[in-house]
> 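Could you have a look at this structure, given as C-alpha cells, before my questions?
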Amino acid sequence: MSTWKTPAMGAPNYRILQREGCTVVYGHMPLGAWLRLLRQASDLHVLHADVARMLGATAVIGPAEGLARIREQEAAAATGRVRAQLGRAARRLDAQAVRWLAAGEQGLSSLALFTLLTGVRPPHYGGSALDLPRDAREFRRCRLLVEQVPSLERPLQQLARRVADPELVSWAALAETWKDLCAQMDHEWPSWRTQAGRAPGVNAMLACFQEVETDRAVLQASRTTASLPLSHGLSNRFAGPGDARWLM
C-alpha cells in the first residue's frame with residue numbers, strides 16, 4: 001500500500017510517495033534532503049524524467065521494473081491529459097503519436113523532431129528547431145519516436161528531400177542519413193532499445209550535423225540586421241501548433 005511522507009511544520013513544501021518500489025517526489029525538496037535520497041537509492045535505481053512527467057511529479061527514482069509498471073498503469077490517464085492540453089491540435093495526431101507524447105521516452109531532440117514532422121508543438125516542449133541529437137543516446141530517443149509512431153516515416157522521408165532548404169539543411173541531412181545512422185547503431189549497440197551502451201561511430205556521424213548547423217548559424221548571423229534577432233527563421237516555425245504544416 002502506498003504511503004505519503006510529509007515534512008515537519010515549517011519545513012519546505014514537498015511530499016514523497018512510495019509506489020511500485022519507486023520513490024515519487026512532489027514539490028520542492030531541499031538539496032540536502034535530495035542528496036540523502038539519492039545516497040539511499042540502489043545503484044540499480046534509475047532517475048526517470050519521463051515517468052515524473054506522466055505523474056506530474058518533480059522526480060521519480062526506482063528500479064526499472066517498477067518504473068515500467070507505473071508507466072503502464074498511468075499511460076491511459078496521461079494520454080487523456082495530453083489530448084486535453086493539445087485541444088484541437090490533437091485531431092491532427094493519430095493514437096500512437098498522442099500516446100508517445102504522454103508516455104514515450106523524450107528529450108529535446110526527439111521533441112524537436114516530433115514538432116517538425118507533425119506540425120504540433122508538444123505543450124511541455126520549450127526548445128527550438130536547433131535541438132539536433134548530439135549523441136547516440138539522444139538519437140536513440142528520436143529512433144524510438146519513429147518506431148512507435150509509424151505515421152512519421154513518410155514525413156521523415158519528405159524531410160530528407162529538403163536538403164536544399166538552408167533553414168532545414170541540418171535536419172534534412174540527418175533524415176537523409178537516417179538508415180545509415182540506424183545501421184551503425186545496430187552494429188555498435190545492438191541492445192539499444194533495452195540496455196545502456198555506447199556508439200562512438202554514431203556520435204561521430206551526429207557531430208557532422210552539428211557542424212553543418214553551426215556553419216548555417218554563422219552564415220545567418222552575417223546576414224542578420226540589428227533589428228532581426230538571430231533566432232528568426234527556422235526556430236520561429238516552432239512558435240505554435242500550426243507552424244510546421246509545410247512538412248505534412
> For the residue pair Gln148 and Arg99, confirm or rule out a side-chain donor-acceptor distance under 3.5 Å.
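Side-chain D/A pair, Gln148 to Arg99: absent.
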
> Under the criterion side-chain contact (heavy atoms from CB on, under 4.5 Å), I'd like the reasoning laid out for Trp189 against Val202: C-alpha separation, chi angles, the key distance, then a yes or no.
CA-CA 10 Å; Trp189 185 6; Val202 174; over 6 Å; no

> Is any side-chain heavy atom of Val46 less than 4.5 Å from a side-chain heavy atom of Leu67?
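They are in side-chain contact.
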
> Ring centres under 6.0 Å, that's the criterion: do Trp34 and Tyr14 meet it?
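That pair fails the under 6.0 Å test.
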
> Looking only at side chains, do Ser110 and Glu138 share a donor and an acceptor under 3.5 Å apart?
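Short answer, no.
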
> So Leu101 and Leu93, side-chain contact (heavy atoms from CB on, under 4.5 Å) or not? Walk me through it.
CA-CA 10 Å; Leu101 282 179; Leu93 303 175; 3.9 Å; yes

> Side-chain heavy atoms under 4.5 angstrom apart, residues restricted to Ile, Leu, Val, Met, Phe, Trp, Tyr: same cluster for Ile16 and Leu47?
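Yes, because Ile16 and Leu47 connect within a single hydrophobic cluster, where side-chain heavy atoms sit under 4.5 Å apart.
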
> Report the C-alpha separation of Leu206 and Leu174 in whole Å, then their side-chain angles, then the decisive distance to 0.1 Å, and conclude whether the side-chain contact (heavy atoms from CB on, under 4.5 Å) test is met.
CA-CA 8 Å; Leu206 292 172; Leu174 189 150; 4.0 Å; yes

> Is Arg69 salt-bridged to Glu20, going by a charged N under 4.0 Å from an acidic O?
yes

> Is there a path of hydrophobic side-chain contacts, each under 4.5 Å between heavy atoms of I/L/V/M/F/W/Y residues, joining Leu156 to Leu116?
yes

> Can you find a side-chain donor-acceptor pair between His124 and Gln106 that sits under 3.5 Å?
yes

> So, do Thr177 and Phe209 sit near enough that their side-chain heavy atoms are less than 4.5 Å apart?
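Thr177 vs Phe209: side chains touch.
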
> Scan side-chain atoms only and decide if Ser109 and Asp131 contain a donor-acceptor pair under the 3.5 Å cut-off.
no

> I'd like to know if Arg162 pairs up with Glu167 as an ion pair, taking the criterion as any Lys NZ or Arg NE/NH1/NH2 lying under 4.0 Å from an Asp or Glu carboxylate oxygen.
no

> Under 4.5 Å between any side-chain heavy atoms of Arg39 and Leu35, yes or no?
yes

> List the steps, then state whether side-chain contact (heavy atoms from CB on, under 4.5 Å) holds for Val51 with Leu55.
CA-CA 6 Å; Val51 175; Leu55 296 174; 4.0 Å; yes

> Around atom CZ of Arg81, are there more than 12 heavy atoms of other residues, nucleotides or ligands at under 6.0 Å?
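For Arg81, atom CZ is crowded (more than 12 foreign heavy atoms under 6.0 Å).
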
> Taking atom CZ as the centre, does Arg193 end up with more than 12 heavy-atom neighbours from other residues, nucleotides or ligands that are less than 6.0 angstrom away?
yes

> Please tell me if the side chains of Gln40 and Thr23 come closer than 4.5 Å, counting only heavy atoms from C-beta onward.
no

> Check for a donor-acceptor pair, side chain of Arg92 on one end and backbone N or O of Thr118 on the other, with a separation under 3.5 Å.
yes

> Among Arg140, Arg71, Arg141, which residue meets the side chain to side chain donor-acceptor pair (under 3.5 Å) test with Glu105?
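Only one of Arg140, Arg71, Arg141 forms a side chain to side chain donor-acceptor pair (under 3.5 Å) with Glu105, namely Arg140.
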
> Can you tell me if CD on Glu72 sees more than 12 non-hydrogen neighbours from other groups inside 6.0 Å?
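Counting neighbours around CD of Glu72, 12 or fewer heavy atoms of other residues, nucleotides or ligands fall under 6.0 Å, so no.
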
> Using a strict cut-off of less than 4.0 Å between a Lys/Arg side-chain nitrogen and an Asp/Glu carboxylate oxygen, indicate whether Arg161 and Glu176 qualify as a salt bridge.
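Salt bridge flag = no for Glu176 with Arg161.
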
> Taking Arg143 first and then Asp186, would you say they form a salt bridge - that is, a charged N and a carboxylate O separated by under 4.0 Å?
yes

